[in-house]
Undergrad: 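Dropping the structure in here first, questions after.
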Amino acid sequence: MAIIDPSGDPLNTQRGSTTSSTAPDPATYIVDMDMNNFQQILEGSMQTPVVLDCWAPWCEPCKNLMPVLEKLAREYQGAFVLAKLNIEENQQIAAQLGIRSVPDVKLIMQGQLYDEFQGALPEGQIRQWLGKYIQAPEDAPPSSEEQARAALDAGDPATARTIYEQLSQANPEHYDYRIDLAGALLAEGNPDRASAILDGLPPEHRDAPKARGVRARLSFGEEAPDAEELATLAERDDSEARYKRALRQVADGDYEAGLEALLDLLKTDRSYGDDLTRKTLLRVFDALGADHPLTVTYRRRMFTLLY
């Protein structure tokens, strides 16, 4: 799809030759687009990709998205130009581009519309979108999502919870952040607040696989034996004791040990609890997510054992 300016003239595809050996001034790659520079910016896409952010002053999601795009533009240091188009002040351009709702973000390269997205996507998804077309800087800092996941992996749920709280506030329509926040709260030992957040989600998100996974972890915590009961099971090796010890391992986040114990119980006492062990394995897979390495490994082992 060729981009033409509102006057109807085709985009001039003559390639420029301006180069610089120093880090560019942000003012050269974060610009406001209007009728005065529309053609110049599009011509510039023959050399440098243009990320066109179409926004409006009355649009709250636009206000959340623009700082993220500006942050990424500075991080990429001129690898793309961020052109910001106020559709209220530039309705002729907006009509030419077919803008029907905002935020609307378009990637223009070589005078062509390469890709686009609507809505205020979170930073991590925008990074992935950009990464399909533009190489990220080697020294790019980790995204907020990556920092939160790293904190959880390091056993620091409080830091992860703080990050997800900030992300949820900045992106109120991105409900996955609320689910992530509930997971961090659960890891921090606050199941009541985690449950309240999940209950407050819209139905389509409340029942989504990611939310079901956090609910599964909540239920494991409620079902698992406490320290006193666990002590009474220490000398027992019957199916009930083995099952409850596995529940405790899962509830404590020791998923691999819990899965191994459940699979071993399935081998030796498949009928325990009216197929309870198999059902519990499926719940653990739900809690981890379909793509988790442990889910992939143990689901395959379970089906091999059963079938």
Undergrad: Salt-bridged, D264 to R242, with N to O below 4.0 Å?
TA: yes
Undergrad: Establish whether F220 and M302 are linked, either directly or via other cluster members, by ILVMFWY side-chain heavy-atom contacts under 4.5 Å.
TA: yes
Undergrad: Looking at side-chain heavy atoms only, is the closest gap between E256 and T297 below 4.5 Å?
TA: no
Undergrad: Are V68 and M66 connected, step by step, through hydrophobic side chains (Ile, Leu, Val, Met, Phe, Trp, Tyr) whose heavy atoms are closer than 4.5 Å?
TA: no
Undergrad: Evaluate the criterion side chain to side chain contact (heavy atoms under 4.5 Å, CB included) for residue pair R283 and E223; output intermediate values, then yes/no.
TA: CA-CA 13 Å; R283 289 171 58 207; E223 298 169 23; 2.9 Å; yes
Undergrad: Taking all non-hydrogen atoms of both residues, which atom of L121 and which atom of L65 are closest, and how far apart?
TA: O-CD1, 4.1 Å
Undergrad: Under the salt bridge (Lys or Arg N to Asp or Glu O under 4.0 Å) criterion, do R248 and D254 qualify, and how do the steps go?
TA: CA-CA 9 Å; R248 185 70 263 169; D254 192 357; over 6 Å; no
Undergrad: Taking the side chain as every heavy atom from C-beta outward, state whether L233 and R245 have any pair of such atoms under 4.5 Å apart.
TA: yes
Undergrad: Hey, is E75 close enough to K71 for a salt bridge, meaning N to O under 4.0 Å?
TA: no
Undergrad: Is the number of heavy atoms from other residues, nucleotides or ligands under 6.0 Å of E229 CD greater than 12?
TA: yes
Undergrad: Please round to the nearest 0.5 Å and tell me the distance separating atom CG of L259 and atom CG of L266.
TA: 11.5 Å
Undergrad: Drop me the distance from K244's NZ to L230's CG, to the nearest 0.5 angstrom.
TA: 10.5 Å
Undergrad: So L281 and Y298, do their side chains get closer than 4.5 Å, heavy atoms only?
TA: no
Undergrad: Check step by step if side chain to side chain contact (heavy atoms under 4.5 Å, CB included) holds for K106 and I99.
TA: CA-CA 10 Å; K106 302 181 183 297; I99 306 302; 3.3 Å; yes
Undergrad: Quickly, which of L97, L113, L82, V105 forms a side-chain contact (heavy atoms from CB on, under 4.5 Å) with L52? Name it, please.
TA: L97
Undergrad: Same hydrophobic cluster for V214 and L294, using side-chain heavy-atom links shorter than 4.5 Å among ILVMFWY?
TA: no
Undergrad: Are E188 and R193 close enough for a salt bridge, meaning some N to O gap below 4.0 Å?
TA: no
Undergrad: Mind checking the CG-CG spacing from D207 to L201? Nearest 0.5 Å is all I need.
TA: 9.5 Å
Undergrad: Taking all atoms of both residues into account, what is the closest heavy-atom pair of A194 and A182, and its distance?
TA: CB-O, 3.3 Å
Undergrad: For the side-chain contact (heavy atoms from CB on, under 4.5 Å) test, which of P122, S144, P172 pairs with Y177?
TA: P122
Undergrad: What distance do T28 atom OG1 and Q77 atom CD have between them, rounded to the nearest 0.5 Å?
TA: 10.5 Å
Undergrad: Could you tell me the separation between the SG atom of C62 and the CD1 atom of I87, rounded to the nearest 0.5 Å?
TA: 7.5 Å
Undergrad: Any donor and acceptor pair, going by atom type alone, linking the side chain of R161 with main-chain N or O of A184 inside 3.5 Å?
TA: no
Undergrad: Do side-chain atoms of S45 reach the backbone of I41 as a donor and acceptor pair under 3.5 angstrom?
TA: no
Undergrad: Looking only at heavy atoms, what is the nearest atom pair of A120 and P61, with distance?
TA: CB-O, 3.6 Å
Undergrad: Enter the distance from T295:OG1 to L282:CG here, rounded to the nearest 0.5 Å.
TA: 10.5 Å
Undergrad: Same cluster for I93 and V102 if Ile/Leu/Val/Met/Phe/Trp/Tyr side chains link at under 4.5 Å?
TA: yes
Undergrad: Is the CZ atom of R236 crowded by more than 12 outside heavy atoms at less than 6.0 Å?
TA: yes
Undergrad: So, using ring pair (Phe, Tyr, Trp, His ring centres under 6.0 Å) as the criterion, who are the partners of Y175 when residues are at least two apart?
TA: H205
Undergrad: Got F80 and V50 here, is their nearest side-chain heavy-atom distance under 4.5 Å?
TA: no
Undergrad: Any salt bridge between E145 and R149, counting N to O under 4.0 Å?
TA: no
Undergrad: Do you see a donor-acceptor pair shorter than 3.5 Å between the side chains of Y76 and Q135?
TA: no
Undergrad: Keeping the roles fixed (side chain from T304, backbone from R300), state whether a donor-acceptor pair exists under 3.5 Å.
TA: yes
Undergrad: Does some side-chain heavy atom of P49 sit less than 4.5 Å from a side-chain heavy atom of V81?
TA: no
Undergrad: Just checking, any donor-acceptor pair under 3.5 angstrom between side chains of T280 and Y243?
TA: yes
Undergrad: Shortest non-hydrogen contact from H292 to L288?
TA: CB-O, 3.7 Å
Undergrad: Please report the C-alpha distance between M33 and N90 in whole Å, then the side-chain angles of each, then the deciding distance to 0.1 Å, and finally whether the side chain to side chain contact (heavy atoms under 4.5 Å, CB included) criterion is met.
TA: CA-CA 9 Å; M33 176 186 277; N90 299 278; over 6 Å; no
Undergrad: Which atom pair, heavy atoms only, marks the closest approach of Y133 to M109?
TA: CB-SD, 4.0 Å
Undergrad: Between F117 and W129, how do the two ring planes meet: parallel, tilted or perpendicular, split at 30° and 60°?
TA: perpendicular
Undergrad: Surrounding CD of E88 (heavy atoms of other residues, nucleotides or ligands, distance under 6.0 Å), is the total greater than 12?
TA: yes
Undergrad: Looking at E70 and K84, does any basic side-chain N land under 4.0 Å from a carboxylate oxygen?
TA: yes
Undergrad: So with a 6.0 Å cut-off around CG of D238, is the heavy-atom count from everything else above 12?
TA: yes
Undergrad: In sequence, state the C-alpha distance, the side-chain angles, and the governing distance for Y29 and T48, and then conclude on side chain to side chain contact (heavy atoms under 4.5 Å, CB included).
TA: CA-CA 10 Å; Y29 56 78; T48 306; over 6 Å; no
Undergrad: Side-chain heavy atoms under 4.5 angstrom apart, residues restricted to Ile, Leu, Val, Met, Phe, Trp, Tyr: same cluster for I108 and F38?
TA: yes
Undergrad: For A56 versus N86, what's the shortest heavy-atom pair and its separation?
TA: CA-OD1, 4.4 Å
Undergrad: Less than 4.5 Å apart, side chain to side chain, heavy atoms only: is that true for R278 and L262?
TA: no
Undergrad: Report, as yes or no, whether the 6.0 Å neighbourhood of atom CD on E204 holds more than 12 heavy atoms from other residues, nucleotides or ligands.
TA: yes
Undergrad: Within a reach of under 6.0 Å around CG of D226, are more than 12 heavy atoms found that belong to other residues, nucleotides or ligands?
TA: yes
Undergrad: Before accepting this row, confirm whether a basic side-chain N of the pair R215/D199 lies closer than 4.0 Å to the acidic partner's carboxylate O.
TA: yes
